[in-house]
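Atoms within each ligand, like the ligands themselves, are counted from 1 in listed order.
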Amino acid sequence: MSEHDEIDVERPNAARMYDYYLGGSTNFEVDRAAAEAGRGAMPDAETYARANRAFLGRAVRYLCSVGIDQFLDLGSGSPTKGNVHEIARQANPEARVAYVDIESVAVAHSRRILADVDGVTVTRADIRRPDTVLNAPGVAGLLDFSRPVAVLAVAIMPFVPDDAEAAAVMAAYRQACTSGSYVAVSHISQLAATAEQVAAAEEVMARTPTPVSWRTADRIVPLLEGCSLVPPGLVPVPLWRPDGPVEPEQVVRANAFGAVGVLP
Ligand SMILES: C[S@@+](CC[C@H](N)C(=O)[O-])C[C@H]1O[C@@H](n2cnc3c(N)ncnc32)[C@H](O)[C@@H]1O
């Protein structure tokens with residue numbers, strides 16, 4: 001049994017802290033305290049979470065517009081506003097979504113909400129084990145990898161701090177996908193934050209079972225290796241196909257890059 005198997009209300013947790021920043025209710029006192037400590041370390045922590053979630057929504061809408069109807073959502077978190085299946089099904093009611101997360105509370109909450117929803121599954125697994133994820137009944141039994149799939153790696157690869165491991169994990173998911181599949185990546189990165197804020201924010205996350213590592217843009221690029229990036233490429237997340245004008249201050253306060261690539 002790993003430290004992820006039990007619900008630990010004594011130790012803060014990334015999924016539940018993120019849920020708190022997004023205004024969700026799947027979090028405990030220990031998570032709220034850590035999230036506030038995170039905000040103390042980096043005042044833009046909530047801006048990051050919200051900008052990232054908004055990027056996820058725009059990426060899913062784009063992917064639906066190019067005909068994608070199957071999604072593998074790695075590190076899906078707690079269901080909150082703007083869940084992938086809800087957004088995708090506005091465009092295509094038949095869209096299938098396989099959610100994967102390691103966190104017990106997020107998975108239990110997802111299962112409760114999705115119990116009666118056909119074509120959507122929730123798998124509790126470690127995304128660093130692509131074979132386990134890809135062979136899980138909720139993934140292999142739902143998604144048809146002989147047709148294009150979108151792999152969503154949104155705000156998840158910071159939880160794989162080692163560059164070589166992160167690149168290998170992403171490569172394994174790409175290799176499972178056929179030509180015409182897509183990969184969406186977003187990643188926390190130092191834009192407005194100072195070096196001290198980055199260190200302090202990493203220290204707060206080190207108290208959780210899933211520490212994180214920020215990456216510069218050049219360390220994010222290998223996560224998309226072999227993909228042809230759709231315009232505008234790898235950019236601060238608020239600038240990825242925004243729905244309207246974006247304030248320059250919001251661009252840097254998001255402290256994250258995002259991109260969507262297609263497999264040739
Ligand atoms: C910052 S949240 C992102 C949620 C969602 N992707 C989004 O962008 O709105 C990161 C999620 O990754 C999950 N996570 C962290 N490490 C993981 C791992 N090794 N395997 C699966 N999930 C993981 C956390 O539990 C958390 O729910």
Should E103 and V107 count as side-chain neighbours, where that means a heavy-atom distance under 4.5 Å?
-> no
Minimum heavy-atom distance between L223 and M170, given as atom pair plus value | O-CB, 3.6 Å
Which ligand 1 atoms are under 4.0 Å away from a heavy-atom of E103?
-> 25 (O)
Distance to 0.1 Å, residue and atom name: give those for the protein heavy atom nearest to atom 27 (O) of ligand 1.
-> D101 OD2, 2.6 Å
Indicate, with yes or no, if the rings of W240 and F257 have centres closer together than 6.0 Å.
-> no
Side chain to side chain donor-acceptor pair (under 3.5 Å) between R215 and S189, worked out | CA-CA 5 Å; R215 283 191 169 90; S189 194; over 6 Å; no
Answer yes or no: does an N/O atom from L22 fall short of 3.5 Å to an N/O atom of ligand 1?
-> no
Specify the protein heavy atom at minimum distance from atom 8 (O) of ligand 1: its residue, its atom name, and the distance to 0.1 Å.
-> N52 ND2, 2.9 Å
Side chain, backbone, both or neither: S186 near ligand 1, heavy atoms under 4.0 Å = neither
Look at atom 12 (O) of ligand 1 and find which of V154, I156, V107, I127 reaches it with the closest heavy atom.
-> I156
Short N-O contact, E46 and R50, less than 4.0 angstrom = yes
Verify whether the ring centers belonging to H85 and Y99 lie closer than 6.0 Å.
-> yes
Looking only at non-hydrogen atoms, which of D19, D73, T80, D126 approaches atom 19 (N) of ligand 1 most closely?
-> D126
Just going by heavy-atom distances, which of G75, G77, A155, A153 is nearest to atom 5 (C) of ligand 1?
-> G75
Under 3.5 Å donor-acceptor, S186 side chain and G258 backbone = no
Under 4.0 angstrom from ligand 1, any heavy atom of S76?
-> yes
For atom 7 (C) of ligand 1, what's the nearest protein heavy atom and its distance?
-> Y18 OH, 3.3 Å
Which protein heavy atom lies closest to atom 22 (N) of ligand 1, and at what distance to 0.1 Å?
-> I102 N, 3.2 Å
